[in-house]
Student: 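The structure under discussion is supplied below as structure tokens; questions concerning it will follow.
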Amino acid sequence: MSGVVAAMRHSLLSCTSLARDGMIGLVTTALLPVRSAFAADGVLAQAIADQFGLNHQEVAVLATSLALVGFSAVAAILLMRTRVRATRNEERLRFEIADLQAQSDRLRALLFVEPQVLISWAAGDNRPQISGDISLVMSQEGSPQRILAFGTWLPPEPALQMDHAVDALRDKGEAFLLNLSTSAGRAIEAMGRAIGGQAIVRIRELGGLRRELAEANLRHKALQEETELLRDFAAAAPWPIWAKSLEGNLRYANAAYVRATEGKSVADALQRNLELLESEQRSELTKALNDNASYAARLPIVVSGERRIYDVQALKLGGGSAGIAIDASEAAALRAAIVRMVEAHRRTLDQLSSGVAVFDADRRLTFYNESYRRLWGLDQAFLDGNPDDSSILDRLRANRKLPEQPDFRAWKAKLHEAYRAVESETYTWFLPDGRAISVVTTPNLEGGVTYLFDNVTESLDLARQFDRLTRVQRETLDNLGEAVAVFGSNGRAELFNPPFAKMWKLPADALQGEPHIEAVEAMCRPLFDDPMTWRALRESITAIENRAQVALKLERKDGSVLNCMTVPLPDGKTLLAFQDITDTENVERALRERNEALEAADQMKVDFVHHVSYELRAPLTTIIGFAHFLSDPSTGPLTPKQAEYLDYVTKSTNALLALTNNILDLATIDAGAMKLELGPVNIAQAIEAAAEGIQDRLATDRITLKVDIEPNIGGFTGDERRVVQVLYNLLANAVGFSPHDATVTISARRTEHSVVFSVTDSGPGIPLEMRDKVFNWFESHSHGSRHRGAGLGLSLVRSFVELHGGRVRVDSTVGKGTTVTCDFPIDQTAHRNAAE
């Protein structure tokens with residue numbers, strides 16, 4: 001019985017709980033334990049059945065009924081309680097909803113007190129909810145749906161940044177805060193957060209203090225990033241970087257500075273205050289920073305025992321200074337090499353005869369050589385001012401140094417097309433002053449143009465002259481009497497004139513087609529068949545080395561005589577020329593025979609004169625001796641008439657002996673057997689001796705002799721006897737041609753290297769056509785004077801003077817007189833050495 005009661009109690013509690021929880025539909029389930037209790041406690045069920053006279057089925061129905069009655073009572077109680085509770089909950093919910101609505105209104109008012117837009121995405125929903133002042137981010141089309149297309153109201157880079165931030169917020173819940181500028185120039189703040197399973201983006205305009213703070217934050221952040229970046233850069237930079245305090249103490253140094261100063265670490269360098277620069281360099285740097293805000297210099301610095309060149313840059317800062325040293329050793333070496341190369345190129349270009357001008361991409365003159373300046377006559381100061389191309393052309397045009405052009409602007413524009421061209425162009429300018437200038441414009445790889453100017457006036461003139469000479473030479477060759485042919489280095493006839501074919505009796509077209517010298521030889525052999533001569537001609541024409549001129553004489557079978565000559569030409573060709581000298585050869589033979597006959601006759605004359613003179617000398621000597629003997633008083637007195645006749649005989653024999661001696665002297669000189677007896681010659685005594693020999697003639701002809709000698713004239717080295725003989729012959733010749741009561745002047749003066757004797761008369765003079773003959777043998781002309789002679793005096797004068805190494809001059813004016821001048825060298829030793 002206790003089990004049934006317990007089962008019923010349990011079923012009622014279950015129904016109450018189910019009713020409270022709104023699960024009445026499961027009551028049947030709760031009654032199952034009662035039925036199970038009756039089923040389980042068979043004794044109890046049997047006792048009940050026995051007590052009330054019921055069978056087991058009726059007992060089960062009874063149990064179920066009892067359970068239903070209990071449940072119904074409980075359910076009614078619970079339903080009443082549930083209705084009361086629901087009424088209370090409904091009132092509470094209405095109150096809470098009203099409160100939440102008020103809070104929502106207050107929050108919305110607070111949220112949208114300033115222009116902003118909220119965009120939210122629920123979890124798993126791609127459709128955004130947009131609220132707020134959408135005009136803040138609305139595109140020009142005005143469609144609210146386009147605000148999510150950030151590129152419509154943001155510039156490209158901020159739009160891409162916004163896209164990435166929103167994607168990261170929705171996918172991973174990553175918050176963001178961005179300060180951006182719209183395409184309209186408005187500053188906005190975009191903030192994204194993940195709240196309550198939603199992704200929310202707030203966009204608001206920045207203005208006033210908030211904008212300034214945002215900008216300050218951005219600047220601060222950028223400054224921090226920049227500072228970190230600069231610190232990292234300075235630490236990793238390969239150049240020494242340092243910073244110092246106002247007192248000059250090292251406050252910062254990077255790794256490169258530590259390595260350059262051979263420090264152990266940055267801390268070690270700071271602690272020991274290691275210096276990179278020398279004391280003088282530091283003093284100079286400190287002084288420069290005190291005077292200026294910056295310092296820049298290229299300094300030599302010893303790093304790791306090696307002297308290198310560094311570009312040192314230092315700045316004056318509020319708390320001290322900072323500096324950097326960049327290794328410029330290679331740059332300095334390259335710069336020095338470039339400077340040397342540029343100077344070498346400049347010197348080379350200055351030596352060129354071509355004018356060179358280089359213009360940069362801005363059409364300004366960057367280089368010119370001296371030939372360019374001289375060619376155009378431009379002022380150096382003007383060129384050093386880097387004028388542009390147009391200014392130079394305008395100045396040249398103003399000075400009329402450019403070709404005359406009907407449209408100068410179009411001409412200049414065409415010339416300046418070189419700045420856009422890729423190939424060189426060549427022009428020829430014919431200037432108003434007659435010059436021709438070759439102009440080459442070459443585009444530069446780095447931009448600009450290089451002009452090359454060459455004065456080709458002479459070249460064009462030479463080309464015209466060459467063309468003219470070629471035509472003249474062609475006409476000349478064709479009209480020459482000589483036969484001419486030019487053979488190339490390959491031995492073939494490249495040029496010939498018509499006389500060549502005519503001389504060798506060849507057909508007119510025989511030399512067409514440039515035949516070889518062997519073919520030409522075969523065609524010419526019928527007239528001249530001498531293998532050795534033709535071999536010499538072939539070798540001269542075809543030889544590669546030792547090309548020499550060959551001259552031959554050919555006697556052909558037809559009796560004609562030809563002069564043959566081969567002349568090597570500079571271009572490797574050979575000129576072969578034949579000249580018909582048959583008539584010349586015949587005349588030459590005749591002249592040679594006649595000359596030989598004349599030489600033989602002249603030699604016979606000389607031999608005859610010499611022989612006769614020698615043979616006359618012996619009897620003349622005898623006659624003179626007996627005449628002197630008869631004139632001697634010791635031989636007896638003579639009658640006046642005998643004395644007169646004897647005087648005539650003496651004078652005639654003396655004249656004949658002098659003539660004979662002169663002829664012998666001339667013959668001796670002509671034979672080369674005359675030798676001078678050199679010694680000191682007293683000039684005054686020699687003139688006195690020569691004048692003494694003509695005293696009787698001076699008295700007879702009433703001639704006055706005037707002697708003009710420089711004081712202390714001294715002497716010279718020579719054959720005194722021959723010098724006196726020269727002066728005597730000159731005086732005798734002058735007295736013979738002078739009229740009565742005239743004056744004959746003999747003078748002597750000394751120069752640096754010679755002694756000059758001059759004899760002047762006032763006779764009839766010598767005609768111009770006779771002056772070259774007065775020194776010949778037996779040339780005697782009176783020219784209207786009383787002079788008579790054999791014509792040997794001046795011949796002897798010239799022979800004796802020339803034996804001394806001197807020379808004789810004759811200056812004469814017809815009707816006024818003649819002056820004969822003889823120059824004797826002072827130093828006969830030098831004359832003899834020179835002669836030898």
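Keep in mind the model is a prediction, meaning the values are calculated, not measured.
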Student: Which distance, rounded to the nearest 0.5 Å, do you find between the CG of Asp530 and the CD of Glu555?
Tutor: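 That separation rounds to 10.5 Å.
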Student: Nearest 0.5 Å, please: how far is CG in Leu396 from CG in Leu378?
Tutor: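 Going from the CG atom of Leu378 to the CG atom of Leu396 covers 5.0 Å.
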Student: So, Asp454 side chain and Val456 main chain: donor-acceptor pair closer than 3.5 Å or not?
Tutor: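 Checking the backbone N and O of Val456 against the side chain of Asp454, no donor-acceptor pair under 3.5 Å is found.
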Student: Below 4.0 angstrom, N of the basic side chain to O of the carboxylate: do Arg535 and Glu539 qualify?
Tutor: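 Result for this pair is yes, salt bridge flagged.
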Student: Taking the side chain as every heavy atom from C-beta outward, state whether Lys706 and Thr760 have any pair of such atoms under 4.5 Å apart.
Tutor: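 They are not in contact (no side-chain heavy atoms under 4.5 Å apart), so the answer is no.
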Student: Go through the steps to decide whether Tyr372 and Val356 satisfy the test side chain to side chain contact (heavy atoms under 4.5 Å, CB included), and finish with yes or no.
Tutor: CA-CA 6 Å; Tyr372 174 81; Val356 180; 5.8 Å; no
Student: If I take atom CG from residue Asp384 and atom CG from residue Asp379, how far apart are they, to the nearest 0.5 angstrom?
Tutor: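 One finds 8.5 Å between CG of Asp384 and CG of Asp379.
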Student: Checking Gln465 against Arg468: is there a side-chain donor and acceptor pair closer than 3.5 Å?
Tutor: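 Not at all, the side chains of Arg468 and Gln465 share no donor-acceptor pair under 3.5 Å.
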Student: Side chains of Arg722 and His804: does their closest heavy-atom pair fall under 4.5 Å?
Tutor: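 They are in contact (side-chain heavy atoms under 4.5 Å apart), so the answer is yes.
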Student: Could you pull out all donor-acceptor pairs under 3.5 Å where a side-chain atom in residues 565-574 meets a protein atom, sequence neighbours excluded?
Tutor:
unit_1: Thr566; atom_1: OG1; unit_2: Ser540; atom_2: OG; d: 2.7
unit_1: Thr566; atom_1: OG1; unit_2: Val550; atom_2: N; d: 3.2
unit_1: Asp571; atom_1: OD1; unit_2: Lys573; atom_2: N; d: 3.3
unit_1: Lys573; atom_1: NZ; unit_2: Glu494; atom_2: OE1; d: 2.9
unit_1: Thr574; atom_1: OG1; unit_2: Arg547; atom_2: NH2; d: 3.0

Student: Around atom CD of Glu692, are there more than 12 heavy atoms of other residues, nucleotides or ligands at under 6.0 Å?
Tutor: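 Not buried by this count: 12 neighbours or fewer within 6.0 Å.
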Student: Determine whether more than 12 heavy atoms belonging to other residues, nucleotides or ligands lie under 6.0 Å from atom CD of Glu677.
Tutor: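 Not buried by this count: 12 neighbours or fewer within 6.0 Å.
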Student: Is there a side chain to side chain contact (heavy atoms under 4.5 Å, CB included) between Val744 and Leu731? Walk through the geometry before answering.
Tutor: CA-CA 8 Å; Val744 173; Leu731 290 173; 4.2 Å; yes
Student: State the CH2-SG distance between Trp534 and Cys564, to the nearest 0.5 angstrom.
Tutor: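 One finds 7.5 Å between CH2 of Trp534 and SG of Cys564.
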Student: State, with a plain yes or no, whether a side-chain heavy atom of Asn455 is found less than 4.5 Å away from one of Ile437.
Tutor: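 The answer is yes, as the side chains (C-beta and beyond) meet within the 4.5 Å cut-off.
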Student: Does any pair with a residue in residues 735-757 pass salt bridge (Lys or Arg N to Asp or Glu O under 4.0 Å), and if so which ones, sequence neighbours excluded?
Tutor: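 Qualifying pairs: Arg702-Asp741.
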Student: In the structure I gave you, are the side-chain heavy atoms of Phe800 and Asn729 within less than 4.5 Å of one another anywhere?
Tutor: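 A side-chain contact under 4.5 Å is absent here.
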Student: For Arg538 and Thr542, which I'm curious about, is there any donor-acceptor pair between the side chains at under 3.5 Å?
Tutor: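 Thr542 and Arg538 do not have a side-chain donor-acceptor pair below 3.5 Å.
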Student: Is a side-chain donor or acceptor of Asp761 paired with a backbone partner of Gly763 at a separation under 3.5 angstrom?
Tutor: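 Looks like yes, one N/O pair under 3.5 Å.
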Student: What are the two closest non-hydrogen atoms of Ala436 and Leu460, and how far apart are they?
Tutor: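 Answer, listing the atom of Ala436 first, then Leu460: CB-CD1, 3.5 Å.
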Student: So which atom in Val820 and which in Leu730 form the shortest heavy-atom distance, rounded to 0.1 Å?
Tutor: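 Scanning both residues, the minimum pair turns out to be CG1-CD2, 3.5 Å.
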Student: Under a 3.5 Å distance rule, please check whether Asn369 uses its side chain to pair with a backbone N or O of Ser354 as donor and acceptor.
Tutor: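 Such a contact is found between Asn369 side chain and Ser354 backbone.
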Student: Say you draw a straight line from OG of Ser758 to CG of Asp823; how long is it, rounded to the nearest 0.5 Å?
Tutor: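 If we round to the nearest 0.5 Å, Ser758:OG and Asp823:CG are 8.0 Å apart.
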Student: Is a side-chain donor or acceptor of Asn682 paired with a backbone partner of Glu720 at a separation under 3.5 angstrom?
Tutor: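 Not a single qualifying donor-acceptor pair exists.
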Student: Would you say the side chain of Leu537 lies within less than 4.5 Å of the side chain of Leu552, judging by non-hydrogen atoms?
Tutor: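 Result yes, sub-4.5 Å side-chain heavy-atom pair found.
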Student: Parallel, tilted or perpendicular: which describes the rings of Phe757 and Phe824, with under 30° parallel and over 60° perpendicular?
Tutor: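 Ring orientation, 0 to 90° scale: perpendicular.
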Student: Below 4.0 angstrom, N of the basic side chain to O of the carboxylate: do Arg464 and Asp461 qualify?
Tutor: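 Here Arg464 pairs with Asp461 in a salt bridge, since their nearest N and O are under 4.0 Å apart.
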Student: In Å and rounded to the nearest 0.5 Å, what is the CD to CD distance from Glu588 to Glu593?
Tutor: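 If I round to the nearest 0.5 Å, the distance is 11.0 Å.
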Student: Side-chain contact test, heavy atoms from C-beta onward, threshold under 4.5 Å: evaluate it for Arg373 versus Leu383 and give yes or no.
Tutor: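 SC-SC contact between Arg373 and Leu383 confirmed.
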Student: Applying the side chain to side chain contact (heavy atoms under 4.5 Å, CB included) test to Val759, which of Asn733, Leu705, Ile746 qualifies?
Tutor: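 Of the listed options, the one satisfying the test is Ile746.
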Student: Of the non-hydrogen atoms in Val723 and Ala686, which two are nearest, and what is the gap between them?
Tutor: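 So the two residues come closest at CG1-CB, 4.4 Å.
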Student: Does any donor atom in the side chain of Thr819 or Asp811 lie under 3.5 Å from an acceptor atom in the other side chain?
Tutor: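 The answer is no; no qualifying pair exists.
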Student: Of the non-hydrogen atoms in Thr818 and Ser812, which two are nearest, and what is the gap between them?
Tutor: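 Heavy atoms of Thr818 and Ser812 come nearest at OG1-OG, 2.9 Å.
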Student: Looking only at heavy atoms, which two atoms of Val797 and Cys822 are closest? And how far apart?
Tutor: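 Distance-wise, the nearest heavy atoms are CG1-SG, 4.0 Å.
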Student: Are Leu576 and Phe496 side-chain neighbours, meaning at least one heavy-atom pair lies under 4.5 Å?
Tutor: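 Result no, sub-4.5 Å side-chain heavy-atom pair not found.
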Student: Working note: Ile581 + Lys553, criterion side chain to side chain contact (heavy atoms under 4.5 Å, CB included); need CA distance, chi angles, decisive distance, verdict.
Tutor: CA-CA 9 Å; Ile581 58 170; Lys553 182 182 290 186; 4.1 Å; yes
Student: Take Arg435 and Leu375 through the test side chain to side chain contact (heavy atoms under 4.5 Å, CB included) and record every step on the way to the result.
Tutor: CA-CA 10 Å; Arg435 292 183 298 170; Leu375 177 66; 3.6 Å; yes
Student: Mind listing the closest non-hydrogen atom pair of Ala483 and Phe500 along with its distance?
Tutor: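 Looking at all heavy atoms of both residues, the shortest contact is CB-CA, 3.3 Å.
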Student: Does the side chain of Met503 come within less than 4.5 Å of Leu562's, by heavy atoms?
Tutor: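 The answer is yes; the side chains approach within 4.5 Å.
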Student: Would the number of heavy atoms belonging to other residues, nucleotides or ligands and lying under 6.0 Å from CE of Met341 be above 12?
Tutor: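 Count over threshold, so yes.
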Student: Counting only heavy atoms not in Glu458 (residues, nucleotides, ligands), do more than 12 fall under 6.0 Å from its CD?
Tutor: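 Result for CD/Glu458: open.
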